[in-house]
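There's a structure below that I have some questions on.
The chain is numbered in sequence order, starting from 1. Small disclaimer: the values here were computed from a predicted structure and weren't measured.
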Amino acid sequence: MNSHVRQARGADVDGIVAVGHTTWPSTYLELAGAEYVTAGLARWWAPEGIARAIEAGQVLVAETDDRVVGVAMFSVDGSVVDLWKLYVMPDCQGSGVGAQLLQAVIDGPALEAATVRLAHKKGNTRARTFYERWGFVETHRTPDDLGGPDNVWMELILRHRHESPAT
């Protein structure tokens with residue numbers, strides 16, 4: 001699949017919202033139920049919130065044939081990059097789009113960071129396996145504030161960027 005990753009623009013809001021509305025039911029319906037999916041889409045995939053994140057420079061998209069097929073949303077807090085969203089359209093999953101997005105976060109916003117931090121829902125083994133392959137390790141779990149499965153927090157330590165040379 002020939003996709004490329006770029007900084008999101010205002011015109012991408014609808015495409016990004018479509019990624020959420022397509023991926024959330026297939027990802028979370030079985031894990032957490034319809035009420036959780038509806039609440040999560042309203043809270044985390046509202047066009048206004050997406051537009052604000054784009055304006056703040058916190059969204060990358062993967063695009064194939066002028067269609068947004070994946071999204072990464074992040075924030076930077078000192079030496080930590082929090083990866084809030086990494087979702088890929090079901091018809092593009094397993095094609096490397098998720099890897100392209102994660103690599104773009106590591107090579108861009110996380111370039112000067114020491115750590116990339118994220119959470120996935122307990123029971124989302126596909127996400128856990130993906131992140132473990134990149135070297136993320138579980139650090140702790142917290143209750144989900146919408147009543148879904150616990151958040152499983154993971155971190156990737158980017159040591160090689162901040163170690164001093166041996167003396």
Verify the cluster assignment for Leu41 and Trp84: are they in a single hydrophobic cluster under the rule of side-chain heavy atoms below 4.5 Å apart? no
Closer than 3.5 angstrom, by distance alone: can the side chain of Asp144 be matched with the main-chain N or O of Gly147 as a donor-acceptor pair? yes
Any chance the side chains of Gln93 and Arg126 put a donor and an acceptor closer than 3.5 Å? yes
Short question: side chain of Asp12, backbone of Gly15 - any donor-acceptor pair under 3.5 Å? no
Rounded to the nearest 0.5 Å, what separates atom CD1 in Ile54 from atom CE in Met73? 7.0 Å
Under a 3.5 Å cutoff, is there a donor and acceptor pairing between the side chains of Gln100 and Ser3? yes
If we only count heavy atoms from C-beta on, is the His21 to Ile16 side-chain gap below 4.5 Å? no
Could you tell me whether the side chain of Cys92 reaches within less than 4.5 Å of the side chain of Arg67, counting heavy atoms only? yes
Quick one, Val105 and Leu83 - any side-chain contact, counting heavy atoms below 4.5 Å? yes
From Trp134 CH2 over to Thr129 OG1, what is the distance, rounded to the nearest 0.5 angstrom? 15.0 Å
Calculate, to the nearest 0.5 Å, the distance between atoms NE2 and CD belonging to His4 and Glu63 respectively. 4.0 Å
So, does Thr27 use its side chain to make a donor-acceptor pair with the main chain of Trp24 at under 3.5 Å? no
Close side-chain approach of Val116 to Phe136, heavy-atom, < 4.5 Å: yes
Could you give me the CA-CA distance, side-chain angles and deciding distance for Val81 and Arg117, then say whether side-chain contact (heavy atoms from CB on, under 4.5 Å) is met? CA-CA 6 Å; Val81 172; Arg117 178 173 55 198; over 6 Å; no
Would Phe130 and Asn124 satisfy side-chain contact (heavy atoms from CB on, under 4.5 Å), going step by step from the backbone distance to the final call? CA-CA 10 Å; Phe130 174 81; Asn124 188 348; over 6 Å; no
Going by side-chain hydrogen bond (donor to acceptor under 3.5 Å, both in side chains), name the residues that satisfy it together with Thr142, two or more places apart in sequence or in a different chain. Asn151, Trp153
Looking only at heavy atoms, which two atoms of Ala32 and Gly148 are closest? And how far apart? CB-CA, 4.4 Å
For the atom pair CD (Glu112) and CG (Leu158), what is the distance rounded to the nearest 0.5 Å? 11.0 Å
Answer yes when Arg128 and Glu132 have at least one side-chain N-carboxylate O distance shorter than 4.0 Å, and no when they do not. yes
Do the non-hydrogen side-chain atoms of Ile50 and Val17 ever get within less than 4.5 Å of each other? yes
Do Ile106 and Val80 land in one hydrophobic cluster if side-chain heavy atoms of ILVMFWY residues count as linked below 4.5 Å? no
Assess whether ring-ring contact (aromatic ring centres under 6.0 Å, His included) is satisfied between Tyr87 and Trp44, documenting all intermediate values. CA-CA 13 Å; Tyr87 291 94; Trp44 294 305; over 10 Å; no
Please indicate whether Asp65 has more than 12 foreign heavy atoms, meaning atoms of other residues, nucleotides or ligands, lying under 6.0 Å from its CG. no
Please give me the minimum heavy-atom distance between Ala62 and Val97, naming the atom from each residue. CB-CG1, 3.4 Å
Looking only at non-hydrogen atoms, find the nearest pair between Thr22 and Pro90 and report the distance. CG2-CD, 3.6 Å
Look at the rings of Tyr36 and Tyr28 and say which category their plane angle falls in: under 30° parallel, 30 to 60° tilted, over 60° perpendicular. perpendicular
Set out, in order, the CA-CA distance, both residues' side-chain angles and the distance that settles side-chain contact (heavy atoms from CB on, under 4.5 Å) for Met154 and Val137, then state yes or no. CA-CA 5 Å; Met154 301 182 86; Val137 294; 5.8 Å; no
Trp45 vs Val71, side-chain contact (heavy atoms from CB on, under 4.5 Å): CA-CA, chis, key distance, verdict: CA-CA 11 Å; Trp45 293 92; Val71 61; 3.7 Å; yes
Over 12 non-hydrogen atoms of neighbours within 6.0 angstrom of CD in Gln7: yes
Given Asp150 and Lys121, is the salt bridge (Lys or Arg N to Asp or Glu O under 4.0 Å) satisfied, shown in steps? CA-CA 6 Å; Asp150 284 353; Lys121 298 292 167 218; over 6 Å; no
Gap between atom CD of Gln58 and atom CZ of Phe74 - 0.5 Å precision: 6.5 Å
CG of Asp82 to CD of Glu155, rounded to nearest 0.5 Å, is 9.0 Å
Do the side chains of Leu118 and Leu86 get nearer than 4.5 Å, heavy atoms only? no
Which atom of Val5 lies closest to which atom of Ala104, heavy atoms considered: CG1-CB, 3.6 Å
Would a 4.5 Å heavy-atom cut-off, applied to side chains only, mark Val88 and Thr23 as touching? no
